[in-house]
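I have placed the structure first, in the form of structure tokens, so that the comments after it can refer back to it.
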Protein chains: 2
Amino acid sequence: MIPLEKRIDLLKVIAHPIRIKILEELTQGVKCVSDFEDSLDISQPNVSQHLTLLRTNGIVDFFVDGRLKCYFLKEPFIPDLLEILKKEYEEDIPAPACCPVTKKGTYPGERRR
Amino acid sequence: MIPLEKRIDLLKVIAHPIRIKILEELTQGVKCVSDFEDSLDISQPNVSQHLTLLRTNGIVDFFVDGRLKCYFLKEPFIPDLLEILKKEYEEDIPAPACCPVTKKGTYPGERRR
DNA sequence: TAAATACATAATAATATTCGCATGTGATTA
DNA sequence: TAATCACATGCGAATATTATTATGTATTTA
């Protein structure tokens, strides 16, 4: 059993526009740091910082190829997450009809709002 | 089309242990604030703050019942997210065999790490 | 109507995140 | 071997997040 806490930490790391973009690009295949520099339009140190954060959290890894570092997706949770991030939902969850038992258990049986 | 940016904002709001716990409890049914006080073991103002954050982001809503506020899940994205958060994965994504074309397109065809 | 209950808000302090800039390192090339 | 390329790291400033304490508001009860 993977502890839920660990997954929540991953979620926190992932929940950033730039890092989501990085992960989406990595689902398309391996990329090196300077590839991201081009596609993300942020500074090289910033790319490096995001990649380092993803790597230290076990989300991506890389292999070295000459002076390039080739990053790839490692964490199997990512593709599933990216998929539901883009999923369309038609409607909100319907509001409960009325008044389940809560703390007091003394609900009058009439919804007032 | 729901903008991805919006979903990422949601992700950021959700990525907190207490708020995940709140959402998990809400998948079980409606709860009022003091129910959370009992189950979460944090102060009442803190419960209120987390719930307010979830509400202002359209993730939950409530109806008023006397002096109780009955919170319920609203955002349909949540159950899917909670489900994959708890999903078990056996292995990492296999590392790519070698050397796709990146910026330089001059890969020597040999993986060095 | 005074007190109690259920919850929200404001203000603050501690901590974390994020990005910029400067600099450093290792590999390749001229 | 000096210069260049690809990338990482250190540091600092701005901003965001989080939880605590104190206080406020609306509803119900005594």
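Residue numbers begin at 1 in each chain, while the letters A, B, ... track the order of the sequences.
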Here's a test of your reading of the structure: between A/V33 and B/H16, which maps to the more 5' nucleotide of DNA chain D? A/V33
Base, sugar-phosphate, or nothing for B/Y71, non-hydrogen atoms under 4.0 angstrom? sugar-phosphate
Any side-chain N or O of B/K69 less than 4.0 Å from the OP1 or OP2 oxygen of C/dA6? no
Taking atom C1' of D/dA26 as reference, at what distance in whole Å does atom CZ of B/F62 sit? 12 Å
Out of C/dT5, D/dC7, C/dA27, whichever nucleotide has its closest atom nearest the side chain of A/R67: C/dA27
Decide side chain to side chain donor-acceptor pair (under 3.5 Å) for A/D80 and B/Y89; before the verdict, give the C-alpha distance in whole Å, the side-chain angles of both, and the deciding distance to 0.1 Å. CA-CA 11 Å; A/D80 283 351; B/Y89 298 87; 2.5 Å; yes
Give a yes/no answer on whether the side chain of B/H50 brings an N or O atom under 4.0 Å of OP1 or OP2 in D/dT18. no
Which of the following nucleotides, C/dA22, C/dC7, D/dT17, is nearest to the side chain of B/C32? C/dC7
Is there a side-chain contact between A/S34 and the phosphate of D/dC7, meaning an N or O under 4.0 Å from OP1 or OP2? yes
Please state how far atom CG in A/D65 lies from atom C1' in D/dC5, giving the value in whole angstrom units. 14 Å
Shortest non-hydrogen contact between A/R55 and A/D61, atoms and distance: NH1-OD1, 3.7 Å
Between CD of A/E37 and C1' of D/dC7 the distance, given in whole Å, is 8 Å
Side chain of A/S48 only, please: which of C/dT17, D/dC7, D/dT17 is the nearest? D/dC7
Per nearest nucleotide of DNA chain C, the residue lying toward the 5' end, A/P45 or A/A15, is A/A15
Rounded to whole angstroms, how far apart are CG on A/L51 and C1' on C/dC19? 15 Å
Flag the pair B/E24 and B/K86 as a salt bridge only when some basic side-chain nitrogen lies within less than 4.0 angstrom of an acidic carboxylate oxygen. yes
Answer yes or no: is there an ion pair linking B/E83 with B/K87, defined by an N-O contact shorter than 4.0 Å? no
Is a donor-acceptor pair below 3.5 Å formed from side chain A/Q44 to base D/dA6, judging by atom type as modelled? no
Can you tell me how far P of C/dT18 sits from CD1 of A/I14, to the nearest Å? 13 Å
Nearest whole Å is fine: how far is C/dC7 P from B/I22 CD1? 13 Å
From CG of B/L68 over to C1' of D/dT27, roughly how many Å is that when rounded to an integer? 10 Å
Can you find an N or O donor on one side and an acceptor on the other, under 3.5 Å apart, linking the side chain of B/Q49 with the base of D/dT20? yes
Taking every non-hydrogen atom, the tightest pair across A/K31 and A/L26: N-CD2, 3.9 Å
Distance check needed: D/dC7 C1' versus A/L53 CG, whole Å only. 17 Å
Side chain of A/N46: nearest nucleotide among C/dC19, C/dT17, D/dA6? C/dC19
